[in-house]
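Worth knowing before you read on, the calculation uses all heavy atoms, side chains too, and leaves out hydrogens, waters and symmetry mates.
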Amino acid sequence: KSTVRSEQAQDRAEEASPDLSEIVTNNRQLPAILADLNRAVSFGNRANPSLFQRASYASWVRKDENGRPIAERLNVHSTRLQLSNMAEFVRLDTTSSGEEVVKNVLLPADVAGAWMEQNNTNTAGLPALRGIVNFPLMDDQGEMSGEGYDHLTGYYVADDLEIESMSVDEAKLFLYDDIMGDFPFNDQSSAANTLALMMTPLVLTHIVDNAPIFAIDANSAGTGKSL
């Protein structure tokens, strides 16, 4: 089976500390609180990112009712939820006797909203999310991405597929006989273009300009164009 880049994410996770930073939310100016939040996010979002920059706004990836990852723009509630996994929020109070008391609190909604607005310009250095794909991506070393966010391409891979290695001759036999053998191609160039169509998503991140467009045509119905 091929090497997957999800091992790199595991290495970063081992370097991360399980301790959450403590952020005081009262009797402080907003810029100071936001600076603490950005430091906490920069550290807590490093190993296995859950917060991203999508277009011009902060977003997160959650799973829908079918277990499929989807990207959504952060709102106040989802921001409070996500940031609670990266920091502990406290309030410092003083008793009548002058004793300082630390109380655990939720991140104030107005602070969460300010952090969201601030990160429309990505002040927390959130990784860019280019999209979500349902297939592994290949890098320039021939390695395939694992499930989750791929730092090299900026895509979130929805499935962790097991990919078996094979020789070039075995790959040719698999593609031309097992996959495309039943299609009545007009000529070899049509078969080659069909192979290019199937391979394009895997190497999409290496295409600097526009990806090629493909058209499938046949002189009769039922030849398998929709497959």
Side-chain angles (χ1 to χ4, degrees), residues 5-95 99-133 145-151 154-160:
R5 290 203 295 270
S6 55
E7 295 175 356
Q8 300 174 358
Q10 295 174 0
D11 293 339
R12 289 190 296 270
E14 292 175 357
E15 297 174 358
S17 170
D19 298 327
L20 300 179
S21 58
E22 188 177 89
I23 298 178
V24 179
T25 61
N26 67 315
N27 298 326
R28 301 178 66 202
Q29 293 296 320
L30 181 60
I33 301 176
L34 294 179
D36 285 349
L37 279 174
N38 286 335
R39 281 191 291 269
V41 170
S42 178
F43 183 82
N45 206 45
R46 180 178 57 184
N48 296 302
S50 59
L51 297 176
F52 307 94
Q53 191 76 6
R54 175 83 165 152
S56 61
Y57 52 83
S59 65
W60 67 308
V61 173
R62 69 171 183 85
K63 292 188 177 182
D64 64 12
E65 66 277 8
N66 297 313
R68 294 174 300 194
I70 57 174
E72 283 189 347
R73 183 173 183 172
L74 283 171
N75 56 38
V76 171
H77 303 294
S78 56
T79 297
R80 297 175 81 183
L81 174 64
Q82 290 297 311
L83 295 185
S84 67
N85 295 322
M86 301 180 185
E88 292 181 346
F89 304 103
V90 299
R91 177 185 177 90
L92 297 182
D93 292 329
T94 304
T95 65
E99 181 182 359
E100 188 176 77
V101 178
V102 179
K103 295 182 179 180
N104 291 321
V105 296
L106 296 176
L107 175 64
D110 54 350
V111 176
W115 185 86
M116 288 167 47
E117 291 300 319
Q118 181 193 60
N119 275 283
N120 287 337
T121 56
N122 202 12
T123 55
L126 302 178
L129 179 64
R130 297 180 63 184
I132 298 177
V133 295
S145 59
E147 183 179 10
Y149 182 73
D150 184 67
H151 288 262
Y155 283 95
Y156 190 98
V157 180
D159 296 312
D160 194 8

So how far is it from [X] [atom1] to [Y] [atom2], rounded to the nearest 0.5 Å?
X      : Y      : atom1 : atom2 : result
Ile33  : Asp110 : CD1   : CG    : 8.5 Å
Gln29  : Leu34  : CD    : CG    : 11.0 Å
Asn119 : Ser56  : CG    : OG    : 12.0 Å
Leu30  : Gln118 : CG    : CD    : 8.0 Å
Trp115 : Gln82  : CH2   : CD    : 9.0 Å

Nearest atoms (heavy-atom pairs only) where [X] meets [Y]:
X      : Y      : value
Asn38  : Ala124 : OD1-CB, 3.3 Å
Asn85  : Leu20  : O-CD2, 3.4 Å
Glu147 : Ala158 : OE2-O, 3.2 Å
Ile132 : Tyr155 : N-CD2, 4.5 Å
Glu100 : Leu92  : OE2-CD1, 4.0 Å
Ser42  : Arg46  : O-CB, 3.7 Å

Worksheet item: Tell me, which pairs form a salt bridge (charged side-chain N to carboxylate O under 4.0 Å, His left out) where one or both residues lie in residues 70-90, sequence neighbours left out?
Response: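 Sorted result for residues 70-90: Arg62-Glu72.
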
Worksheet item: Would Val105 and Thr25 count as a side-chain contact (heavy atoms from CB on, under 4.5 Å) if you check the C-alpha gap in whole Å, the side-chain angles of each, and the deciding distance to 0.1 Å?
Response: CA-CA 8 Å; Val105 296; Thr25 61; 3.7 Å; yes

Is a donor on one side and an acceptor on the other found under 3.5 Å between the side chain of [X] and the backbone of [Y]?
X     : Y      : value
Ser59 : Gln53  : no
Asn45 : Val41  : no
Arg91 : Asn104 : no

Worksheet item: Looking at side-chain heavy atoms only, is the closest gap between Pro69 and Tyr156 below 4.5 Å?
Response: yes

Fill in: Pairwise side-chain contact, Arg28 with Ile23, heavy-atom cut-off 4.5 Å (strictly under)
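Yes; the side chains approach each other to less than 4.5 Å.
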
Worksheet item: Does any pair with a residue in residues 47-90 pass ring-ring contact (aromatic ring centres under 6.0 Å, His included), and if so which ones, sequence neighbours excluded?
Response: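 Residue pairs passing ring-ring contact (aromatic ring centres under 6.0 Å, His included), neighbours aside: Phe52-Tyr149.
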
Item to complete: Under the side-chain contact (heavy atoms from CB on, under 4.5 Å) rule, what do Leu51 and Met86 come out as? Steps first, then yes or no, please.
Response: CA-CA 11 Å; Leu51 297 176; Met86 301 180 185; 3.8 Å; yes

Discussion item. Pair Asn26, Asp93 - check side-chain contact (heavy atoms from CB on, under 4.5 Å), show working.
Written reply: CA-CA 9 Å; Asn26 67 315; Asp93 292 329; 4.0 Å; yes

